[in-house]
Amino acid sequence: MAASMSTVATLRATFHHRHLSSSTHVASFPTTVSLPSTTTNAVTAKPMFISCNSAAATAPVQAPPPSSISSDRVFNFAAGPATLPENVLRKAQAELVNWRGSGMSVMEMSHRGKEFLSIVQKAESDLRDLLGIPDDYAVLFLQGGATTQFSAVPLNLCSPDDAADFIVTGSWGDKAYKEAGKYCKPNLIWTGKSEKYTQIPSFDDLEQNPNARYLHICANETIHGVEFKNYPTPKNNSGVLVADMSSNFCSKPVDVSKFGIIYAGAQKNVGPSGVTIVIIRRDLIGNATESTPVMLDYKIHADNNSLYNTPPCYGIYMCGLVFEDLQSQGGLGEVEKKNKKKAEVLYEAIDGSNGFYRCPVEKPVRSLMNVPFTLAETPLEAEFIKEAASEKMVQLKGHRSVGGMRASIYNAMPLAGVEKLVAFMKDFQARHA
């Protein structure tokens, strides 16, 4: 009898989940269900009475409280797509099928419907709050990755004969410089290539073009682990500072007013791949060259509030959840403190290894987000990566262009992950030194 009653309960729950999402289902669902019994006596289910509670239907789904990393999850040190906060993933999981009583997943919504409009508007509002974005700046949620912005920036700010200055501190800055050559006259005022991109220049020594329309930097070089700790000022009074902030976006407070344009791919710190965020001063909008493709014209997107065409809706929703999570931590000032602590623990382990591990980047400009390091004995690096993976620490292999190892320790990487890596590093050294 107990087994039969359990079956009844299971069937009721299944019917409720699958069939009771509309008034039609409620009207047609039988009030009495007879089940075959696994005992000698048949069991007849008691009548089931169903009512609709509209308040419950529209109430937001509450995510499980934040907790430590689940035992079935790894510590993911990938440079991007990168680890996301587990509590954010669990909230998205809880809302996946039916977003807050709408009867739809976010993936199914019209991007012009009131449900998604509430999502994108809140995401923008929360991002403005986190970064203190002034009112005279537009926030755009776009597609195409930061790489597309290598073209969009000069197309929107320059004519073909205009100059633009570039400080190249790594591979991504170099790609931006080369792409700009298709649309304007880029001027390479400094490059760290000869030193294998391990430093940032003194700004006072830079010979800027006084007529440059903009000065471009990559605020954090994901591959080489070099990060600007402060920012240069364009010498052209009408020029602006433009920054690719893909890999340190929302990792610390930034004075947005120092920049004309900030752009960032979301897949490092604030969401899944597929979303590119552009923050642009409004007076810079509307100056695109006539040949600019419509999807690269900032005015088109600003005039349409990022909804000119179907945007990456689910990615924007995920970014919004991350922004809420960053706010719950106390804002970017508190987030930066956590990031500094994680980086300190890892760099101290590298520097204290008596040369067994080495970080090539000059100490004053070492990234808080991406930590490259090598082993004194290069053949051991493959074994290091293999053993780390067996201990549930993955994606530690360095970029193919530089080799070695790289630990990306973005916002969502907990201190526990860095501490576990450091403990493994010390054990590995003890066994192989």
Give a yes or no on whether a salt bridge exists between [X] and [Y], defined as a side-chain N under 4.0 angstrom from a carboxylate O.
X	Y	answer
Glu344	Lys340	no
Lys252	Glu227	yes
Lys386	Glu383	no

Side chain to side chain contact (heavy atoms under 4.5 Å, CB included) between Asn370 and Glu221, worked out
CA-CA 8 Å; Asn370 310 101; Glu221 284 285 353; over 6 Å; no

Working note: Asp351 + Lys363, criterion side chain to side chain contact (heavy atoms under 4.5 Å, CB included); need CA distance, chi angles, decisive distance, verdict.
CA-CA 10 Å; Asp351 294 339; Lys363 289 184 179 182; 3.6 Å; yes

Listing request: all ring-ring contact (aromatic ring centres under 6.0 Å, His included) pairs with a residue in [range], at least two apart in sequence or in separate chains.
range	value
residues 110-154	none
residues 239-259	Tyr231-Phe259
residues 401-428	Phe384-Phe424, Phe384-Phe428, Phe424-Phe428, Phe428-His432
residues 168-199	Phe166-Tyr177, Tyr197-His224

Go through the steps for Val120 and Glu124 under the test side chain to side chain contact (heavy atoms under 4.5 Å, CB included), then give the verdict.
CA-CA 6 Å; Val120 69; Glu124 177 179 338; 5.9 Å; no

As a quick check of understanding, evaluate side-chain hydrogen bond (donor to acceptor under 3.5 Å, both in side chains) for Asn211 and Asn236, giving each step before the final call.
CA-CA 6 Å; Asn211 298 312; Asn236 178 3; 5.6 Å; no

What closest approach, in Å, do Ser367 and Tyr347 show between heavy atoms, and which atom pair accounts for it?
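Minimum heavy-atom contact is O-OH, 2.6 Å.
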
Is there a donor in the side chain of [X] and an acceptor in the side chain of [Y], or the other way round, less than 3.5 Å apart?
X	Y	value
Ser159	Asp161	no
Ser251	Asn269	no
Thr292	Asp297	no

Roughly how far, to the nearest 0.5 Å, is the CG atom of Leu241 from the CG atom of Leu215?
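Going from the CG atom of Leu215 to the CG atom of Leu241 covers 5.5 Å.
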
Can you give each donor-acceptor pair under 3.5 Å made by side-chain atoms of residues 397-405, sequence neighbours left out, with the distance rounded to 0.1 Å?
from   : atom 1 : to     : atom 2 : distance (Å)
His399 : ND1    : Ser401 : N      : 3.1
His399 : ND1    : Ser401 : OG     : 2.8

Do [X] and [Y] come within less than 4.5 Å of each other through their side chains, counting heavy atoms only?
X	Y	value
Ile409	Asn339	no
Lys420	Met393	yes
Glu362	Glu195	no
Ile119	Val106	yes

Which atom pairs, donor and acceptor, lie under 3.5 Å between side-chain atoms of residues 308-324 and protein residues at least two apart or in another chain?
from   : atom 1 : to     : atom 2 : distance (Å)
Tyr317 : OH     : Glu95  : OE1    : 2.6
Glu324 : OE1    : Lys91  : NZ     : 3.4
Glu324 : OE2    : Lys122 : NZ     : 3.0

Is the ring pair His216/Tyr263 parallel, tilted or perpendicular, if the boundaries are 30 and 60 degrees?
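His216 vs Tyr263 ring planes: tilted.
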
For side chain to side chain contact (heavy atoms under 4.5 Å, CB included), just list the numbers for Leu326 and Leu332, CA-CA rounded to whole Å, side-chain angles, deciding distance to a tenth of an Å, and then say yes or no.
CA-CA 7 Å; Leu326 295 175; Leu332 298 187; 4.2 Å; yes

